[in-house]
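This structure is a prediction, so every number in the text was calculated from the model and none was measured. Every chain is numbered from 1 and lettered A, B, ... according to where its sequence line falls, protein lines coming before strand lines.
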Amino acid sequence: MEKSFEPAQIESKWYARWEASGAFRPSGRGEPYCILLPPPNVTGTLHMGHAFQQTVMDMLVRYQRMRGMNTLWQVGTDHAGIATQKIVENQLAVEDKTRHDLGRDAFVERVWQWKEESGSTITHQMRRIGAAADWSRERFTMDEGLSAAVRKVFVEWYRAGLIYRGNRLVNWDPLLGTAVSDLEVNNVERDGHMWSIRYLTTDGAESVVVATTRPETMLGDVAVAVHPEDERYAHLVGKTLKLPLTDREIPVIADDYVDKDFGTGCVKITPAHDFNDYAIGQRHQLPPITIFTLDAKVNDNAPQKYRGLDRYDARKAVLADLEALGLLVETKAHKLQVPVSQRSDAVIEPMLTDQWFVDLTSDTQKDGRPGGRKAITEPALDAVRSGEIKFVPENWATTYTQWLDNIQDWCISRQLWWGHRIPAWYDEAGNIFVGEDEADARAHAGTAPVGALRQDDDVLDTWFSSALWPFSTLGWPADGPVKNERGEIVANWQHDQIFLPSAVLVTGFDIIFFWVARMVMATKYFTGRIPFRKVYINAIVRDAEGQKMSKSKGNTLDPLDLIDGIALEPLVEKSTRSLLIPQVRAKVEKRIRKDYPDGIPAIGTDALRFTFAALASYSRTINFDIKRAEGYKAFCNKLWNAARFVLMNLPEGEIAAPAGAPVTEAERWILTRLKQTLGEVEQHFVSYRFDLLAQALYEFVWNEYCDWFLELSKPALNGDDAAAAASTRHTLLVVLESVLRALHPVIPFITEEVWASVAPKLGLTEGSLMQRPWPRADAIVADDTATAEVEWFKNVLSGVRRIRSEMNISPGKTIPLRLADGDAGDRERAAKFAAQIAFLARTEAPQWIAAGADEPAAAAAVVGTLRVLIPLAGLIDLGAEKARLAKEIARIEVEIRKCEGKLGNASFVANAPAEVVAQERQRIADWNTTLGALREQSRKLG
RNA sequence: GGGUGCUUAGCUCAGCGGUAGAGCGUCGCCCUUACAAGGCGGUGGUCGUAGGUUCGAUCCCUACAGCACCCA
């Protein structure tokens, strides 16, 4: 083995071997265990969130595979409608073209071409993380099989009356020219104004004042509403107002939606451009008046002079005209919530358009069939409420159920070209024909089409196909094998449905609504099964200061840069490349030069993965600190060197297991600790506490195996007892190999590399660590006696070390050692560990001082009643040692007083559990023993 | 407005009813042939505030303060 751990060399060789060996595919043996990869966008590149989430999935998959499960990690990518279409549209823009110049077919063809060339970036990056996924079954949401599932689902829901087409008010993105769902709209607080406008009654005798943040929409007003119990306006209800700037008259209506106490208590009603107003308009049978075109310019329903103006220009014009007429009563600054499209940042305009919806809210249809609430929403709610699906951490179930309780119908049509085209056709009379293809649509129609059929131009919301992921990837709805475009079988529902439900979904809270809930809905409806048993909501990765990572802040980290390292200049270049605003660019560059003056060091995949594991508590954010990752790289190096030590102490060839139990206490102790650690780690896998899991393994490897067992093994290996040496050699090796297996799910590369050297020594014949079983705690025998003895030894050694350190005795200097007092056990143990004490404490052979004999002035450590003495002569400052003893005595006196306080409290003794009282009595006895020995020592020093 | 979290050592976080812990940082000593990406030893906290429950509260309850996120 090389002298130090070099991740780059190791990682490059193992992944390809694993993948080629077929080790990532389901074994076909054991219980099914499946994890679905949340399919990343084909447009994406791997970011820290992906790397974290995928590390979690990979740990689970590798662990379960080693435990003998029939493991499938189902991967693939998402076509990401808008994002992908935009990339290609941007490319066209460089050529001064739009998608309309190409036409639909040619444009879609070009998007496919882009996908073939660039769409696998992220899946290749996933391999660098070490993801043990079954790439042979990789899917794409727009491949033929998954598209067939989409058509089937659409048609079935439509025929069940659960998908409908309607002219509804939807969130319209005027920049992208498509509807978007409620979820794709963010409400952003912006500084704006509240304008008060006076509307005169038709007879001109009276007026009302309405307040609005969007004065331009008055051109589409159809009423002014007041509260039914508002006495100020009761007499006006039913009268008409003259709508300024237009020649229309609008009624005053009463509706208890209006808040009497807000503003003047009068509200202008614009049903075509406001969701609340739309509902009021419907209640009062007031037909909406659309005043904007699809690109948010004033249309022909408005007076001539405003037509063609952009909505914000129209606002200025309307305000100026109202001002001129003396109808603008007040203008004041106002903070308002503006709906913004997540995809384009454009301000959303509610627009009345024809769209397709999934019914999620009606109880019963007109014909008596169950509505969407009964058929789709409630089963999804029940799956979580009943505990069939469990969230981890569980409080996310509240988020899930509250959203479903208040859900709206899902607008699934998008006015895009890239995506699953809606399987609906229209005849020349506007009748709708739905089917998996045109022939199917005709066959299922009640009436013959009038003239030719034309397919709906729209495509489905990307999340529609994602919702089917748990079963469409397993081959549904086909009956037999499903092939990919290369003719390879990627799924077969007949066999693969054993993987439904999957074991756990690992995903971010931000897509509980977009994806998790919809998967439950669709999977329950179409397969009758839940899609997964658990939903592990992973934390959001932030920077070391807890700030959200964003390109414009310059605090993003590329996981591959952490793995490979990157010099400062290339890092600055890549971080600022996409930033167009010079000030932002300068700020980001400055930050990077400050944060990473030497660039980013290469820490390797294993250390990155271990860091993710160590940070993965139930907390909802994790702050990624490179320093922490560097610490775990040191851990990898520690493991590496421990293995080197073990291997360099072995003779050539295979190491036979000695007959019988391990000879030394140290061996039996480390095996006991290994057993405990493995038991803990198994628990932490069950509870998804990867932080505790990582910590348990870290502590075992570093603080137990390396710090103590390796050290204890040195005198054993070099001592006269051949049996102890042989036994120790074997135990060193066995524990190391178990540790490698236990750590493999977390740090697969280094463990595989080390194992390759270790396995032949144990005569193991598996070709890869992946094929070894995960080590079982219950296969190891615990030995509490040995544990107690090693703890005693550790106390003795620590005592000597503390004296050395505090008395400034050079660590290399061999010093005399005396033992005084103590009991028979101490004598036995001192004899047993004599070689270890002498070697590790660097002392001469310990000598007992007989009771009552003269003692040299000495510094002392106390272990029970045993005093471990280091004679002062020439080594130790008497005054310093007295001070040290006094300090220790004072500390113990405080502890004793605490115990006495408790035990002196009658109600404590009466009410506390007996074992707690007993524990307290034991504690005080132990402290008193130590205190007695310390006082004795103090007296001896005079 | 409704909801969900968080507040513990300088920093980042575990612990969640019975002696306050880890990593990183910091200080001291040491290049002791597995590892200086290291070894050994130390320093450092009235567990956000105020009440309550309890023999006992960092942990449970209530209120308050601050911070964050989600939904409207």
Base paired to rC6(B) (Watson-Crick or G-U; both N/O distances under 3.5 angstrom): rG66(B)
Separation of rA20(B) P from R891(A) CZ (nearest whole Å): 12 Å
rU54(B) pairs with, by Watson-Crick or G-U criteria that keep both distances under 3.5 Å: none
Rounded interatomic separation in angstrom, taking CG from D625(A) and P from rA14(B): 15 Å
Minimum heavy-atom distance M1(A)-A643(A), with the two atoms named: CE-CB, 4.1 Å
hbond_proxy E711(A) side chain to rA34(B) base (donor-acceptor, 3.5 Å cutoff): yes
Atom-to-atom span, CD of E915(A) to P of rG17(B) - whole angstrom: 15 Å
Distance in angstrom units between F5(A) CZ and rC35(B) P, rounded: 17 Å
Touch class at under 4.0 angstrom, heavy-atom based, for L710(A) against every strand present: base
Identified pairing partner of rC13(B), criterion: Watson-Crick or G-U wobble below 3.5 Å: rG21(B)
Comparing Q919(A) and F635(A) on RNA chain B - which has the more 5′ nearest nucleotide: Q919(A)
Residue closer to the 5' end of RNA chain B, T399(A) versus N703(A) (nearest nucleotide): N703(A)
pair F612(A)-F690(A): side-chain heavy atoms closer than 4.5 Å: no
Separation of atom CD in Q695(A) from atom P in rC13(B), rounded to whole Å: 15 Å
Assigned partner base of rC47(B), Watson-Crick or wobble definition, under 3.5 Å: none
Nearest-angstrom distance from the residue atom NZ of K3(A) to C1' of rC31(B): 10 Å
Face-on cation placement of R673(A) at W702(A) ring, 6.0 Å and 45° thresholds: no
Verdict with supporting geometry, Y536(A) and F391(A), ring pair (Phe, Tyr, Trp, His ring centres under 6.0 Å): CA-CA 6 Å; Y536(A) 172 85; F391(A) 278 82; over 10 Å; no
For rG41(B), the Watson-Crick or wobble counterpart (both distances under 3.5 Å): rC27(B)
Atom-pair distance (NZ on K813(A); P on rU32(B)), nearest Å: 17 Å
Integer-rounded Å distance: rA34(B) P and F709(A) CZ: 15 Å
cation_pi(K714(A), F645(A)) dist<6.0 Å, angle<=45: yes
Sugar-phosphate, base or nothing in reach of A912(A), heavy atoms under 4.0 Å: base
Touch class at under 4.0 angstrom, heavy-atom based, for W927(A) against every strand present: base
Sugar-phosphate only, base, or nothing, as touched by S4(A) at under 4.0 Å among non-hydrogen atoms: base
